[in-house]
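Data first, discussion second: the structure below is written as structure tokens.
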There are 2 protein chains.
Amino acid sequence: MTSIQDIAKKAGVSISTVSRTLNNYPDVGQKTREKILKIAEEMNYFPNAVARSLVQKKTFTIGMFFGNNMNLGFDHPFFLDVISAVREVVGNAGYDLLVFTNKNKNRSTYTTLCRERSVDGVLMLLTGEGKKKNEQMLELQSSGIPCVAIDIPLVGDKCTYVESDNYTGASDAVKHLVELGHRKIGFIGGDEISKTSYDRMRGYQDTLIEKGVGVRPEYIQLGHFSSEKASKATRKLMKDNPEITAFFVVSDEMACAVMDTLQELGFRVPEDISLVGFDDIKEAVHYSPPLTTIKQMKYEIGSEAAKILLQIINDKSFHPEPKTLPCELVVRKSTAHKVD
Amino acid sequence: MTSIQDIAKKAGVSISTVSRTLNNYPDVGQKTREKILKIAEEMNYFPNAVARSLVQKKTFTIGMFFGNNMNLGFDHPFFLDVISAVREVVGNAGYDLLVFTNKNKNRSTYTTLCRERSVDGVLMLLTGEGKKKNEQMLELQSSGIPCVAIDIPLVGDKCTYVESDNYTGASDAVKHLVELGHRKIGFIGGDEISKTSYDRMRGYQDTLIEKGVGVRPEYIQLGHFSSEKASKATRKLMKDNPEITAFFVVSDEMACAVMDTLQELGFRVPEDISLVGFDDIKEAVHYSPPLTTIKQMKYEIGSEAAKILLQIINDKSFHPEPKTLPCELVVRKSTAHKVD
DNA sequence: ACGATTACCAAAAACGTTTTCGTAAATCGA
DNA sequence: TCGATTTACGAAAACGTTTTTGGTAATCGT
């Protein structure tokens, strides 16, 4: 609570001199500098970031919209890793992280929240319906606020996104399946709006065609990234199409539910039915059987997003471009050769 | 970027009138109020939180020290749930969350960081060596900054902590084991400094004595919440004491490593050796066999911590007390009757 | 020795609010 | 109608910095 003024008074100098000393400006005399520094130490002074921000118009905080707007209290397993990464890189750059949580302001949007708090940039890390590119997203996109989203296709002068190569990932998943001899491959997707879901679906379809296996619309269901819906979809699919011998499910969480459901239904995985997921969440390796899946580089996604954001913030001439990171097929025990 | 001044000018009134209007003060005339509101809407004004904070000395942000200081990039599975809870309750109260990450300030402590940012309160959610009650913790404890820690015994006028009932939890774990007929029960603990570790160890020892089974120091090893160390400890324990028929391991992460190691060593779980963990992380239920463990109420821990903190902040006369939340034994498949 | 630079520092503006104080006009009570 | 409230508003201080401007004294080059 000791201010720059207190120091100035005690040192017998002006506040401007104190400010310059504290900020290592060159134009302050040797002895005055030392005196001021000593007094500051004694009074254990530390600057008030709020006051500083007010005049500098820079807060050294980067904002973060995080999680599922609808379904709070549930957060994606994905998040912990990307947040870790984000923390690491923004922290090293001298920034703190402001997680928007305030729910008292009803009449506000992403953009106005950012402006109110004067964050220097913002990271969008949303799931569920938040992925919908709605009005608020558009507003943010064109607001001029430095912004990078994860898995949401925002593009603008100060705005971009990073994602996994979902198309290729999905493609690799079904390639793996057809190479194991599978031809009747069910698909449990996400939703109909998110780019992520769309790309994975396209990867599935295109590869099926490319491999000479046809696409059968009746093999396709949407699970909306919900375990319950995925379970329901599985029952329907197996009931209507008992000839199916493999599933590609676009998230590990859903894939786990699918596996449970399949086993409840009396099918063995992978002997009767093969299963590949997407994400490579921690649980995947410990499932029984351990889940074959497409691994997303979560940590890299977070750190890339953060790096790009910092660059947008600090280099005015930088024009950001979307970044796509590779996925990787990791084969475990939930997939096997088709037997006849 | 439109300020209160702009509105004042356009409306032909003073800034104080604008401010009062915007803050719903009673003493402003009907027509002027409406005019001002309309203009504010048109110019799509929103207040500058930084400026407001400066004068009000209140930021409506609560700070958060989070994770493992040493070992960044790895965050405890525990965290996601308690953060979800924290977000929920502070958000509903109108606060945002500032996660401290800035690593550029070397000469700073928890306390000074909080003061610089002028957070209204702070949540300590640390693991690893951060749990050590060091100088910085003491400083924070007596700083007068509203503070609640999780699993770290801080107590002060504006400072307290919440934790699980680790003693009873541990006690329940070994009770379960001895009720299954086990007498030679190995223990893999945490560290020697944290209260959490200490309480669980005491629960183990006391219950053993209470049940008439002796405590054997050679059955006790420390794993420091690290999978590798837990694995090593397991090997040592089984080599030196092959008569052991059960383990109580004080974290699920370590318990998983112990299970893997045991299986590598050729033991079957639970047929040869029973195993109970602590935490009930998500993976626990999917391990093979599914892990019997002591469940911590992670969400409640987070929400309790947040609620207490808000009360400290908003009720000056409130004197906080430590809060202990119950654990619960959840029996799965990693424990079984001892066979001879 | 004289003008020009340089080194040091103070004064004051600025950032965008909230809040205190004061006061003119309007209303009120009798 | 007159004093006393009340109502509605403006002026200005305050919050704690950074930054701009300017000025004095010392130093320098020639």
Side-chain angles (χ1 to χ4, degrees), chain A residues 1-37 39-40 43-61 94 105 108 112-120, chain B residues 1-37 39-40 43-61 94 105 108 112-120:
Chain A
M1 352 208 111
T2 121
S3 84
I4 221 175
Q5 301 233 31
D6 305 327
I7 300 182
K9 197 171 297 174
K10 181 164 279 188
V13 298
S14 76
I15 59 172
S16 27
T17 303
V18 177
S19 176
R20 283 192 305 257
T21 348
L22 264 18
N23 294 17
N24 289 319
Y25 279 57
D27 58 345
V28 43
Q30 188 55 231
K31 50 280 170 76
T32 38
R33 152 161 284 130
E34 281 167 7
K35 186 204 284 189
I36 290 174
L37 251 24
I39 293 182
M43 307 182 73
N44 84 70
Y45 167 84
F46 45 87
N48 179 325
V50 174
R52 194 211 308 269
S53 296
L54 183 58
V55 44
Q56 283 189 156
K57 291 164 175 309
K58 165 123 191 166
T59 53
F60 283 100
T61 75
K105 346 200 116 188
S108 56
T112 61
L113 287 170
C114 286
R115 288 217 206 281
E116 275 200 40
R117 284 294 197 170
S118 305
V119 296
D120 296 335
Chain B
M1 355 210 105
T2 121
S3 82
I4 220 175
Q5 302 234 29
D6 304 328
I7 299 181
K9 197 170 297 175
K10 180 164 281 190
V13 298
S14 75
I15 59 171
S16 24
T17 303
V18 177
S19 175
R20 282 192 305 255
T21 321
L22 264 16
N23 294 19
N24 289 318
Y25 279 57
D27 57 344
V28 43
Q30 189 54 232
K31 48 282 171 75
T32 39
R33 152 162 284 131
E34 280 167 9
K35 186 204 284 188
I36 290 174
L37 253 23
I39 294 183
M43 307 181 75
N44 85 70
Y45 167 84
F46 44 86
N48 179 325
V50 175
R52 192 212 307 269
S53 297
L54 183 59
V55 43
Q56 285 190 154
K57 292 164 174 312
K58 166 122 193 168
T59 54
F60 283 100
T61 76
K105 344 200 117 187
S108 58
T112 62
L113 287 171
C114 286
R115 289 216 206 284
E116 276 199 41
R117 284 295 196 170
S118 306
V119 295
D120 296 335

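Below, chains carry the letters A, B, ... as their sequence lines are ordered, and counting in each starts from 1.
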I'd like to know if the side chain of A:Ser19 reaches the main chain of A:Ile15, judged simply by a donor and an acceptor atom lying under 3.5 Å from each other, with no hydrogens or angles considered.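 Checked: no pair found.
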Closer than 4.0 Å, any side-chain N/O of [X] to the OP1 or OP2 of [N]?
X	N	answer
B:Tyr45	C:dT17	yes
B:Ser3	C:dG16	no
B:Lys57	D:dG16	yes
B:Ser16	D:dG10	no
A:Ser14	C:dA10	yes
B:Tyr25	C:dT18	no
A:Asn23	D:dT18	yes

If I compare all heavy atoms of B:Val28 with all of B:Arg33, which pair ends up nearest, and what's the gap?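 Heavy-atom minimum between the residues: CG1-NH2, 3.1 Å.
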Shortest non-hydrogen separation from B:Thr2 to B:Asn44 and the atoms involved: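 Reported closest heavy-atom pair: CG2-O, 4.2 Å.
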Grab the [atom1]-[atom2] distance between [X] and [N] for me, whole Å please.
X	N	atom1	atom2	answer
A:Gln5	C:dA12	CD	P	13 Å
B:Gln30	C:dA26	CD	C1'	17 Å
B:Lys58	D:dC15	NZ	C1'	17 Å

A:Ile15 vs B:Ile15, nearer the 5' end of DNA chain D by closest nucleotide: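 The residue whose closest nucleotide sits nearer the 5' end is B:Ile15.
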Report the residue (B:Val55 or B:Arg20) whose heavy-atom-nearest nucleotide on DNA chain D is the more 5′ of the two.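 Per heavy-atom nearest nucleotide, the more 5' residue is B:Arg20.
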Under 4.0 Å, counting only non-hydrogen atoms across every strand here, what does [X] touch: a base, just sugar-phosphate, or nothing?
X	result
A:Ser19	base
A:Val13	sugar-phosphate
A:Ser53	nothing
A:Asp27	base

What distance separates B:Met1 CE from B:Phe46 CZ, expressed to the nearest 0.5 Å?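 Going from CE on B:Met1 over to CZ on B:Phe46, the span is 6.5 Å.
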Around atom NZ of A:Lys9, are there more than 12 heavy atoms of other residues, nucleotides or ligands at under 6.0 Å?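 Counting neighbours around NZ of A:Lys9, 12 or fewer heavy atoms of other residues, nucleotides or ligands fall under 6.0 Å, so no.
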Nucleotide nearest B:Asn48 when distance is taken to its side chain, options D:dC9, D:dG16, C:dG16: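 Ranking D:dC9, D:dG16, C:dG16 by closest atom to the B:Asn48 side chain puts C:dG16 first.
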